[in-house]
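Accompanying notes for the structure given below.
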Amino acid sequence: MNLIANFAVLASRRTIFDLPVCDLGWDDALVFINELASIPVGQTVVCFVNAHNMLTALHDDDYYRIMSHNLVLPDGIGLNIASQIAHGSPFPANLNGTDFVPAFLTFMEAPRRIGLIGGTRSVVEAAAENFRRHTPWHEFVVVSDGYFDKVDSTEVTEEIERQKLDILIVGMGTPLQEKWVHDNIRADHARLVLTVGALFDFVSGAVPRAPRTVRMMRLEWAYRLLQEPTRLWRRYVVGIPVFLFHVLRYRFRRRERILSHPEEHNTALQPRSEHKKAS
């Protein structure tokens, strides 16, 4: 994340497993990220993190490190429960990528050139066409499907450079998409990068979304589980309880560390100038 974006978000985020997660409401998040897209220097990578992603980060140091440098938005009820346990209140909004990205495209009044990478060719092409209908003032460019050589992505990055993009949307699944963006996408490729998982599947219509009532009840995960039980049962039936166990364990271990070493905790809360005096 560039320094301007990093400074601005410091005042509006809370941590889950020490990973900063942005706690802005819908309106503030749309305004904030729109401003980031307008900054002429640096780059911001926006990620949408749910309980499954957090569990992955706990066991993948590279992924955790990359996420700590990105702007992380909370996705799903698991993060809400974790925030309630760790901070005493849920996140102000469920900023899942499937809802947030189309809303963000609508919110941006200035025309942008937006590149898409991910999914099968037919899915990403259909997603691009639906995006064009949704926000015709933007220009959508299909850079590549998601089936290219991730080790040597020169052909794809050269195409990105040739297209002169403002924004890049990458949907290749977690943690592959975040790692690939970190290793391959420079600031001059796109000032704003959104890593969106299965967004193109939903936007293209290849995968149906839960009915609006189900989404409002925060039960879309249950609908998806019923649609794809073989693929998703481990993520939801096993993953969510395991995630909440880790949240509780982390909270109590953190409390024990603070109580057993209060002087270290007090030092951490001192102004930077007092840290220097102490050293």
Validation row: Leu71, Leu36 side chains within 4.5 angstrom (heavy atoms):
yes
In short, Phe100 meets Ala29 closest at the heavy-atom pair CE1-CB, 3.9 Å
Heavy-atom closest pair, residues Gly115 and Val143
CA-CG2, 4.0 Å
Answer yes if Val142 and Phe200 sit in the same cluster of Ile, Leu, Val, Met, Phe, Trp and Tyr residues linked by side chain heavy atoms under 4.5 Å apart, and no otherwise.
yes
Any heavy-atom pair between the side chains of Ile185 and Val45 that's under 4.5 Å?
no
Could you check whether any side-chain N or O of Ser83 sits under 3.5 Å from a backbone N or O of Leu79, counting only pairs where one atom can act as donor and the other as acceptor?
no
Work out which heavy atom in Ser204 is nearest to a heavy atom in Ala127; give both atom names and the distance.
CB-N, 3.8 Å
Rounded to the nearest 0.5 Å, what's the gap from CZ on Phe48 to OG1 on Thr98? Could you check?
8.5 Å
Indicate yes or no for a side-chain donor-acceptor contact from Asn70 to the backbone of Val72 under 3.5 Å, with no hydrogens or angles considered.
no
List the steps and the verdict of side chain to side chain contact (heavy atoms under 4.5 Å, CB included) for Asp145 and Glu125.
CA-CA 9 Å; Asp145 57 33; Glu125 292 281 2; over 6 Å; no
I need the Leu105 CG to Ile169 CD1 distance, nearest 0.5 Å.
5.5 Å
Main chain of Pro111, side chain of Glu139: is a donor-acceptor contact present, judged purely on distance under 3.5 Å?
no
I'd like to know if the side chain of Lys150 reaches the main chain of Phe148, judged simply by a donor and an acceptor atom lying under 3.5 Å from each other, with no hydrogens or angles considered.
yes
Within the side chain of His134, is there an N or O that forms a donor-acceptor pair under 3.5 Å with the backbone of Pro102?
yes
Side chain to side chain contact (heavy atoms under 4.5 Å, CB included) between Ile160 and Gln163, intermediate numbers included:
CA-CA 5 Å; Ile160 292 171; Gln163 291 293 344; 6.0 Å; no
Provide the closest heavy-atom pair for Phe104 versus Leu194 in the form atom of the first, atom of the second, distance.
CD2-CD1, 4.4 Å
Backbone N/O of Arg186 and side chain of His189: donor-acceptor pair under 3.5 Å
yes
Begin with the C-alpha distance, continue with both residues' side-chain angles, and end with the deciding distance and a verdict on side chain to side chain contact (heavy atoms under 4.5 Å, CB included) for Arg191 and Ile39.
CA-CA 7 Å; Arg191 297 300 180 194; Ile39 295 174; over 6 Å; no
Could you give the distance from CZ (Arg133) to CG (Asn130), rounded to the nearest 0.5 Å?
5.0 Å
Taking the side chain as everything from C-beta on, heavy atoms only, tell me whether His69 gets closer than 4.5 Å to His182.
no
If you define the side chain from C-beta out and look only at heavy atoms, does anything of Val21 sit under 4.5 Å from Met54?
yes
Is it true that a side-chain atom of Thr44 and a backbone atom of Leu192 form a donor plus acceptor pair closer than 3.5 Å?
no
Hey, what do you get for CG (Leu168) to CZ (Arg113), rounding to the nearest 0.5 Å?
12.0 Å
Is Arg132 reaching over with its side chain to a backbone N or O of Phe140, donor-acceptor style, under 3.5 angstrom?
yes
Does atom CG of Asp61 have more than 12 heavy-atom neighbours from other groups under 6.0 Å away?
no
I'd like to know if the side chain of Asn80 reaches the main chain of Phe91, judged simply by a donor and an acceptor atom lying under 3.5 Å from each other, with no hydrogens or angles considered.
yes
Ile85: which residues meet the side chain to side chain contact (heavy atoms under 4.5 Å, CB included) condition with it, sequence neighbours left out?
Ile81, Val247, Leu248, Arg251
Under a 4.5 Å cut-off applied to non-hydrogen side-chain atoms, are Ser38 and Arg112 in contact?
yes
Of all heavy-atom pairs between Leu73 and Cys22, which one has the smallest distance, and what is that distance?
CD2-CB, 3.8 Å
Please walk me through it: do Asn53 and Tyr63 pass side chain to side chain contact (heavy atoms under 4.5 Å, CB included)?
CA-CA 9 Å; Asn53 303 147; Tyr63 177 51; 3.5 Å; yes
If you measure from CE on Met172 to CD1 on Ile117, what distance do you get to the nearest 0.5 Å?
6.5 Å
Is the backbone N or O of Gly76 less than 3.5 Å from a side-chain atom of Asn94, with the two atoms forming a donor-acceptor pair by type?
yes
Distance in Å, Ile33 CD1 paired with Asp28 CG, rounded so as to fall on 0.5 Å steps:
11.0 Å
Can you tell me if CG on Asp183 sees more than 12 non-hydrogen neighbours from other groups inside 6.0 Å?
yes
On a heavy-atom basis, the closest approach of Arg121 and Ser144 is NH2-CA, 3.8 Å
